[in-house]
Amino acid sequence: MCQKDPLDKNFNFSKAEPRLYEAWEKNGLFVADPEKPGDPFVIVIPPPNVTGNLHMGHALDVTLQDILIRYHRMKGDNTLWVPGMDHAGIATQNVVERELRSQGLTKDELGREKFVERVWEWKKTYGGNIARQLRRLGASCDWSRERFTMDEGLSKAVREVFVSLYEDDLIYRGQYIINWCPRCHTAVSDIEVEHEARKDKLYYIKYEVKDLPPLVVATTRPETCFGDTAVAVNPNDPRYGLYRGREAKVPLTERLVPVILDDYVDREFGTGALKVTPAHDPNDFLIARRHDLPFIMAIDESGKLTQAAGHYQGEDRDLVRKKMLGELDEKGLLEKIEPLDHAVGVCYRCRSVIEPLISKQWFVKTAPLAEAASLAVKDGRIKMIPVNWEKTFFDWMDNIRDWCVSRQLWWGHQIPAWHCQNCGRTTVSREDPDKCPNCQSNDIVRDEDVLDTWFSSGLWPFSTLGWPEKTRDLERYYPTSVLVTGFDIIFFWVARMMMMGLKTMGDIPFRAVVLHPLVRDPQGQKMSKSKGNVIDPLEILDNLGADAFRFALTAQAGQARDLKLDVKRVEGYSKFVNKIWNAARFALAALEGQSEADTGQAENAGQGQADTGKAFGLKPEALPDRWVRSRLRAVVGEVRSAVEGFHFDRYAEALYQFTWYEFCDWYLELIKPILYGPDKVARAKTLYWLKLTLLELLKLLHPVMPFVTEELWSKLSGQGGYLMVEPFPEVLDNQDDPSAEKLVRCLMDVTRAVRQVRSDFGLNPIVKVAPVVLTKNPEIRALIEANGQLLLKLMGAEKLSLAENFNERPKDSASNVLDWGEIWTPLTGLIDPASEEARLNKEADKLANDINAANNKLANPDYLKKAPEEIVSETREKLEAMETRLASIKRALDVVKGLN
RNA sequence: AGGCGUGUAGCUCAGGGGGAGAGCACUACCCUGACACGGUAGUGGUCAAGAGUUCAAAUCUCUUCACGCCUACCA
């Protein structure tokens, strides 16, 4: 054997990762070519925000996508993974505004144009972070096709879609009650409002009515009363019959508002009387429309009271609430205050309380689009994985409301609409107009609003491929294959892509949606900066490497909703990386040893080690080789079906088990006698299969652990090139070898049986035993004879004999009963039997119990009649086995007692 | 309020009508010539509770409890 170490003792990931990634990228291995053959396999990355830094969610998302991409690339598909970033309207604008503020500037001082320039500058400087971080994870995206939602091409797509939706009457502008964020100073859509449960108060306030007792109204928001334009009661509420047609006085004002009747009012809630504030409550808005009530803005876009609030004008809404409660109380208009649990809407960006108010905004008419999207899922054109998300999806699509798409921001796609100052006509157009097409006036102004960020993300699957141009990419790669994302953005993004894709392209945007869990901290809490429970993926990458991290994420990516990430798990898998590394180190040493020792042995190796074994034909001969090939074949099958069915956890698990517990623990041990033995031909043959199997194992592992596998490939394959573009192993039927599997299982049985005895009786590993195997099966006898030396080593024995009859049993020996025979291990003079007696008794009790249960079962006529035959006979066999085992335990007990 | 989901070993989870599983952790022994980031053998669970269907239930059904999440126009 070779003395020098062909490899370092451990994988130096921090050095290897950047080197390997750079090599892949430089060699253009990520770049897709539409002209090449192969079924297209396409993923568009969920574009991270430009402002973003890599977090756990990205890490998981990207790892799973990269597994799919690498797998399909190796499988020979024409594979494309489009990376890119989202301009993230509010988020980015907030970041840059904050930066300005630290310089004592505001965006208004700067002006729109300058401000937008600043954002672009910011993007240039800091926007590349996330792309670099994705590279560290090993993401094999086609960076030559990287896109940004504000790119020229994508902006063109946005404009084209907006205009054509407008032309199809699917976009309209109107004055409606919308969700306003007073901090971000913009409208937000319904789903951008999150509901937070709060302990609040319900205030009972008196509205005076002439000649009648005051009408008491319950409200959580007294400060909005300055916008009240009615008080409503339920028409069937007898308590308020007298108030019909009367007027009530809004407290702290002299304003009189009508008392109206509306079914919406819940008689049970509060006093059964509702103040109607159409400009600040969506329901009141609807009531007002039914009753033709006026609208009064009481709160402005900064959350301050308007002139409608009299002396409170200009003051903040929360402050006014406090002050006016005092005033109401003073004037005897506050009846009582009750505690109330309810949900309050907050901005998903900044968590400020949303102020519903009336405003002129642009909307997308979603109902027809949603119907088409639902249909695509219902008829199976788009699959959702796991399927149970479909129900949630349908639920939402069935109850969808129009989508407010205009935002009062500067950073984003400005709406292509021009308002004529002369005739008032609004023009929506693909080209910037210079005059009003209606009245020819030059006095036209562009609408100031920009579009919701999610509008452009909704076009992502086709805008990134070049649409509206008729590109080759679009033709070849649309629809995309799979969308991989967290379920938290099904509505924000997934549904919108479906609607936009179906409408614009006339085809689904992707064939499958894989929804993975959300990464939580070990307590199951959402990771957030404010909670301080964020685990930084970059830190894990630094400490444990990308492969271990990716493997841990993959192994935990089941179909549950949460993935509670445990760093310990990553540490565990970093040991797995090490295990693979060392297995390869072993193989490499053996291969090099062989090439040195066998120099000139042309009859074995042909042209040296790279081709070693080709001369032996395609069939492994030695039992370990036959076995490992057969087992590998099974694993290839498991791996392929796991990946294709998006069972990432099973994929990882299958490889972990096979690599560690079969390939390393057994195969490498089983072949050692051959590798160290005198038969050079046998050695060369086994080396061939060792190398081949290891290389194939590297291929199987590559999608999840790209770095260590690529590194080992370069050391081991001897053929240059890159593992990442090697063909993925296939399930080959001629590799199946059940008899080899059965025989190796026999070797394992014997070994484990003796090891168990050693351990049970507390034998020191130095103590040698001399077991006797009883079996009449000639095949197994031959097997044991052939592997005598190996077995001695594996079980720590000095002698192994075969017996044919029970009466050959040595005195004072422990016995293990197996399917095909029995093993006796003589213990005379070797042990202290005191503790063993208890253990055996315990096992005997348990067995007696089980035997009893099995007997009862077999005595049940219904069971015999109705249970399938194979189940019944299985039970009989089990019973028999248990009885035999019990007998042997009893014998063991005798032995132990005898030794005492 | 409705919908969805979860509850299996100390932890993280897989499985899913007929023998309770994995990883980590833990215990004992072992530095045996790839790996101590290793090896061998183990400990540990009324599969949340109750009822039902069945020859057979952790698995299917119903109820209850606990915990999540999503949706929602009780001010």
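Just so it is clear: chains get the letters A, B, ... in the order the sequence lines come, proteins before strands, and each one is counted from 1.
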Can you tell which of [options] lies closest to the side chain of [X]?
| X | options | answer |
| --- | --- | --- |
| A:Cys664 | B:G19, B:G18, B:A34 | B:A34 |
| A:Lys866 | B:C55, B:C35, B:C24 | B:C55 |
| A:Phe491 | B:C35, B:A75, B:U71 | B:U71 |
| A:Lys857 | B:C55, B:C4, B:G18 | B:G18 |
| A:Lys391 | B:A75, B:C70, B:G3 | B:G3 |

Base, sugar-phosphate or nothing for [X]? Non-hydrogen atoms, less than 4.0 Å.
| X | result |
| --- | --- |
| A:Glu268 | nothing |
| A:Leu668 | base |
| A:Glu874 | nothing |

Output field: ring centroids A:Tyr661/A:Trp666 closer than 6.0 Å: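 A:Tyr661 vs A:Trp666: aromatic centres not under 6.0 Å.
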task: Report yes if the distance between the aromatic ring centroids of A:Phe576 and A:Phe551 is under 6.0 Å, otherwise no.
output: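 Between A:Phe551 and A:Phe576, which both carry aromatic rings, the centre distance is below 6.0 Å.
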task: Could you tell me whether the side chains of A:Thr693 and A:Lys691 share a donor-acceptor contact shorter than 3.5 Å?
output: no
Pairwise [atom1] distance for [N] and [M], with rounding to whole Å:
| N | M | atom1 | value |
| --- | --- | --- | --- |
| B:A36 | B:U32 | P | 10 Å |
| B:U53 | B:C60 | C1' | 8 Å |
| B:C13 | B:A72 | P | 28 Å |
| B:A22 | B:G44 | P | 14 Å |
| B:G7 | B:C11 | P | 14 Å |
| B:U40 | B:C31 | C1' | 14 Å |
| B:G68 | B:C26 | C1' | 30 Å |
| B:G33 | B:G15 | C1' | 41 Å |

Check the distance between [N]'s [atom2] and [X]'s [atom1] and give it to me in whole angstrom.
| X | N | atom1 | atom2 | value |
| --- | --- | --- | --- | --- |
| A:Asn860 | B:G18 | CG | C1' | 13 Å |
| A:Glu638 | B:G15 | CD | C1' | 14 Å |
| A:His280 | B:A75 | NE2 | P | 18 Å |
| A:Met384 | B:C70 | CE | C1' | 14 Å |
| A:Glu196 | B:C69 | CD | P | 12 Å |
| A:Asp850 | B:G18 | CG | P | 17 Å |
| A:Leu879 | B:G19 | CG | P | 14 Å |

task: Can you check each nucleotide of nucleotides 36-45 of chain B against protein heavy atoms at under 4.0 Å and return B for base, S for sugar-phosphate only, - for none, in 5' to 3' order?
output: SBSSSSS---
query: Applying salt bridge (Lys or Arg N to Asp or Glu O under 4.0 Å), which residue pairs with at least one partner in residues 659-677 of chain A are found, sequence neighbours left out?
result: A:Arg631-A:Glu662, A:Glu669-A:Lys672
message: Just N and O in the side chain of A:Tyr656: are any of them under 4.0 Å from OP1 or OP2 of B:C24?
response: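 Answer yes for this pair, as a side-chain N or O of A:Tyr656 is under 4.0 Å from OP1 or OP2.
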message: For a 4.5 angstrom cut-off between non-hydrogen side-chain atoms, does A:Ile385 reach A:Leu515?
response: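 No, every pair of side-chain atoms sits at 4.5 Å or beyond.
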query: Does any non-hydrogen side-chain atom of A:Val231 lie less than 4.5 Å from one of A:Asp228?
result: no
- prompt: Do other residues, nucleotides or ligands put more than 12 heavy atoms under 6.0 Å from A:Glu196 CD?
  reply: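 Yes, the 6.0 Å shell around CD holds more than 12 heavy atoms from other groups.
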query: In terms of ring plane angle, is the pair A:Phe658 and A:Phe663 parallel, tilted or perpendicular, where the classes change at 30° and 60°?
result: tilted
query: If you pin A:Gln556 and A:Tyr573 to their nearest nucleotides in RNA chain B, which one's is more 5'?
result: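 This one resolves to A:Gln556.
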